Structures are given as structure tokens and as C-alpha cells.
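Notes follow once the structure below has been shown.
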2 protein chains.
Amino acid sequence: MLRLSKLTDYAVVVLTRLEEGEGVQAAPDLAAATGIAEPTVAKVLKILAHAGLVEGLRGARGGYRLTRPIAEMPLTEVITAIDGPIALTACVDSAVGHCEAEDLCPVRGRWDPVNRAIRDALSGITIADLAPPRAAPVAPPARPAAPLAATA
Amino acid sequence: MLRLSKLTDYAVVVLTRLEEGEGVQAAPDLAAATGIAEPTVAKVLKILAHAGLVEGLRGARGGYRLTRPIAEMPLTEVITAIDGPIALTACVDSAVGHCEAEDLCPVRGRWDPVNRAIRDALSGITIADLAPPRAAPVAPPARPAAPLAATA
DNA sequence: GCAATCCGGACCGGAAAGGTCCGGATTAGC
DNA sequence: GCTAATCCGGACCTTTCCGGTCCGGATTGC
């Protein structure tokens, strides 16, 4: 299904909400605003903070804040932060020695053109492109609600 | 991790082997040639047959055969056949009514530009592009063994 | 009629993701 | 200086899904 984790979805929601709000926002507030369970929001924020996409301010009156506008935040960074590096199959990463049928396997390392293609496709999309109700002036415009994933 | 199932990987291997061999090939033979467990190969072949990518011939001296050369077989068809339609998150498919926070969720259906971008990127790649040791005269040439998936 | 092969499904185990919780560190306000 | 609010880091458990196996039935060639 080519699925990416639900956490990534949450991350986009949270980041969007973070942009809409003003100043620092505490995790519980973001949870209430987005409708996502509080511990989960906290988890997402921790990951994003680790990746440098948001900044956490401790202490009373603390909270989270974006390090830059979401329009300058490529989607790939969020995905990489949460789901790890973009690579389609296990056979593809740096490992070169533990495929039991290594000499027979004809696809050895041949997935990288695919990975590259996906990375290229994703690199042009920012979080702002996924935040519709506001200004979304970007490359792939129009088609607000296409029929949706069919045969692909 | 944007991972796609291991079955898809196997499928590419099997399809490649199917192109290399001649005439119909039985599942056990393909298993031996590829190094993949026999029941698994059978499973993959069944799925591919269902999708019309290969043709199964019953009876003694039966086996499987490609319905067309792998150079004319887009990768997306294989992925769709095995992993289902290409859609990144559950929130994206035709469902419109069971996101508990539907009115709050600002990303509703906004993943489709991403899905579309990925589909476009993948639509230019055929199975033949993933079968290196033979003739692979296609668009993304060169770079036989790039460093590999890093930050994405 | 017999053997080989595909076909369709059910079945089970293991791994990964999703989600929750807790103790500690840090800071603002009183 | 003390208290309360908040982030930080991790461990933990549950559930779902994937990978893999197996079996009975249908079909065809010899």
C-alpha cells in the first residue's frame, strides 16, 4: 500500500496548527485543537523537536514553536524524521552481505532509481501544500478533491 | 519508512526470471532459480496472475508465462497488484466519514497531490529498469551503484 | 486413469507500529 | 525559596498487519 506511518499524518496536522496559532503552544492545547490524543501529540512533538523542525521551550508557560514557516519545510524532512530514511525495501540499504540468495537475486541494489524518483517527486512539496484552508499557492494547484487513488 | 512489501520485491525478481527463461515455467523451477521459498513464489505468482501480469497454464506441463515483455510493464502495476492502490495514508482513500476529528483535521484529502506526485514518478519506471545484468536501455541510466538512500 | 500443476482459500507466528505512562529536569510566578 | 506547569527521555503494552505455510479442489497432459 506504500503506506507511511500515521504519525507522519499527525505531524502534518500539528505543524499546520502550529503555524495557525501564535507564539508558543503547549502540547495539551495542540491536542485539543487538533483532536489527537494528548500523549500522541507529545510524542510527535518530541520527534519533530529532535529533527529540528520545532523548538521546545521548557518550564511553566513553555510550549512548542516552529523553527521556520511551514512553507519552507519540505515534506521529506517530516517523513524522514518520523519514518526514517526513504528507502523502499530492506534489500536496498547499505547492507551488501545478508541476502541468502545474493548471487541469484537480480534486483540487487536496483531499487535506488525508484527511491530517487520518489525523493525527487516529494522534494517539491512542502507542509504548506498540505494545509488547504489557508493560502496554498504552490506548484500542483487546482484539483481540490480528485477522485482518488485508483489503479495508480 | 515508506516501505513497500517484500512480496513486491519478490515479484520483480520472479518477473525478471520469467523474462530470462523461455516458454512456460513451473513455480518450483522459478523458486529454484530465484532462491525464494517455493510456497512464497507460488503466492506471488497467484497474485500476479490475478492482476493479469502473468498467465497461468494448468495441468501437467503447465506453468506461468508473461503476458507481455517486462519492458512494457510499469512498476506501478506490480505495486498496485500486491500492495494495493498507491495511497499514503488511511485517511486518504474514499472514506469520508470515519475520522473522529473530521472537522478539525486540516489535512483532509490533502495527501492526494503527494500520491499523484509519487504515481507520476513511478509511472516512468518499468520492471525492465530493475533488471540490471541484461539490457536496460532506459531513461535513468548510469549510476550503477549509487551511495544509497540517505537523508532523502 | 494417473500424475503434475495451477487455483483459491484458510491458517499461524512474529514483527512492527500505535499508543500510553512514568520519573526526571527545567523554568515562570508568587 | 517554593510551588506549579511544562518539556524531556525513556520503557512498556497492546493491537494490527505482514510474511510465510499448508491443504483440498479443479484442470490438463500422458
Side-chain angles (χ1 to χ4, degrees), chain A residues 1-11 13-14 18 23-32 34-65 67 79 81-84 87-91 99-101, chain B residues 1-11 13-14 18 23-32 34-65 67 79 81-84 87-91 99-101:
Chain A
M1 203 222 298
L2 245 191
R3 76 160 203 218
L4 64 85
S5 80
K6 208 181 278 185
L7 272 298
T8 305
D9 197 352
Y10 293 160
V13 177
V14 170
L18 224 33
V24 298
Q25 301 177 61
D29 297 346
L30 288 169
T34 56
I36 306 172
E38 188 175 321
T40 304
V41 171
K43 185 175 191 171
V44 170
L45 285 169
K46 276 186 283 190
I47 299 175
L48 293 177
H50 222 261
L53 296 178
V54 302
E55 184 185 8
L57 306 180
R58 287 198 184 186
R61 300 270 313 156
Y64 287 94
R65 168 172 62 189
T67 57
I79 295 177
I82 296 185
D83 291 343
L88 289 182
T89 58
C91 218
C99 185
E100 69 277 355
Chain B
M1 199 221 299
L2 245 192
R3 78 164 205 215
L4 64 84
S5 78
K6 207 184 279 186
L7 272 298
T8 305
D9 197 354
Y10 293 160
V13 177
V14 170
L18 224 31
V24 299
Q25 301 176 62
D29 296 346
L30 288 169
T34 57
I36 306 172
E38 189 174 322
T40 303
V41 171
K43 184 176 193 171
V44 170
L45 286 169
K46 276 187 283 190
I47 299 174
L48 293 177
H50 221 261
L53 296 178
V54 303
E55 185 185 9
L57 307 179
R58 289 197 183 187
R61 299 273 311 156
Y64 287 94
R65 167 172 60 187
T67 57
I79 295 177
I82 296 185
D83 290 344
L88 289 182
T89 59
C91 218
C99 186
E100 69 278 353

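Keep in mind that what you see is a predicted model, and the values were worked out from it rather than measured. In what follows, every chain begins at residue 1, and chains take the letters A, B, ... in the order their sequences are listed.
- Straight-line distance from the CD atom of A/E38 to the C1' atom of D/dA5: 12 Å, rounded to whole Å.
- Nucleic acid contact for B/A42: none, since no nucleic acid atom lies under 4.0 Å from a heavy atom of the residue.
- Partners of A/A37 according to the side chain to side chain contact (heavy atoms under 4.5 Å, CB included) rule, which considers only residues two or more places apart in sequence or in another chain, are A/P39, A/T40.
- Under 4.0 angstrom from either OP1 or OP2 of D/dC8 there lies at least one side-chain N or O belonging to A/Y64.
- Judged by distance alone, the side chain of A/T67 and the main-chain N or O of A/G52 form a donor-acceptor pair under 3.5 Å.
- Going from atom CD1 of A/I79 over to atom C1' of C/dA17 covers 17 Å, rounded to whole Å.
- Across every non-hydrogen atom of A/Y64 and A/A49, the tightest pair is CE2-CB, 4.2 Å.
- Nearest nucleotide to the B/H50 side chain, out of C/dT27, C/dT20, C/dG8: C/dG8.
- Evaluation of the side chain to side chain contact (heavy atoms under 4.5 Å, CB included) rule for B/A42 yields no partner, not counting sequence neighbours.
- Scored by the side chain to side chain contact (heavy atoms under 4.5 Å, CB included) test, A/P28 finds A/A26, A/E38 as partners (sequence neighbours excluded).
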Taking only N/O atoms, report every protein-nucleotides 22-24 of chain C pair under 3.5 Å with atom names and distance.
none

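- The side chain of A/K43 lies closest to C/dG19, out of D/dC7, C/dG19, D/dG19.
- Nearest to the side chain of B/R61, among C/dC6, C/dA17, D/dG29, sits D/dG29.
- Scanning for side chain to side chain contact (heavy atoms under 4.5 Å, CB included) contacts around B/L53 gives B/L48, B/A51, B/R68, B/M73, B/E77, B/V78, with sequence neighbours left out.
- The side chain of B/S5 sits closest to D/dG19 out of C/dA28, D/dG20, D/dG19.
- Nucleic acid contact class of A/L45 (heavy atoms, under 4.0 Å, all strands): none.
- Proximity of B/T40 to the phosphate of D/dG19: no side-chain N or O atom is located under 4.0 Å from OP1 or OP2.
- Across the protein-nucleic acid pair, A/D9 atom CG and C/dG19 atom P stand 10 Å apart, rounded to whole Å.
- Atom CD1 in B/I36 sits roughly 9 Å away from atom P in D/dG20 (whole-Å rounding).
- Between A/P39 and B/A49, the residue whose closest nucleotide on DNA chain C is further toward the 5' end is B/A49.
- Comparing C/dA28, C/dG18, C/dC6 by their nearest atom to the side chain of A/K6 picks out C/dG18.
- In this structure, the salt bridge (charged side-chain N to carboxylate O under 4.0 Å, His left out) partners of B/E55, at least two apart in sequence or on a different chain, are B/R65.
- Look at CD1 on A/I47: it is 14 Å from C1' on C/dT20, rounded to the nearest Å.
- Distances shorter than 4.0 Å separate some side-chain N or O of A/Y10 from OP1 or OP2 on C/dG19.
- One interatomic measurement links the two molecules: CG of B/D83 to C1' of D/dG19, which rounds to 12 Å at whole-angstrom precision.
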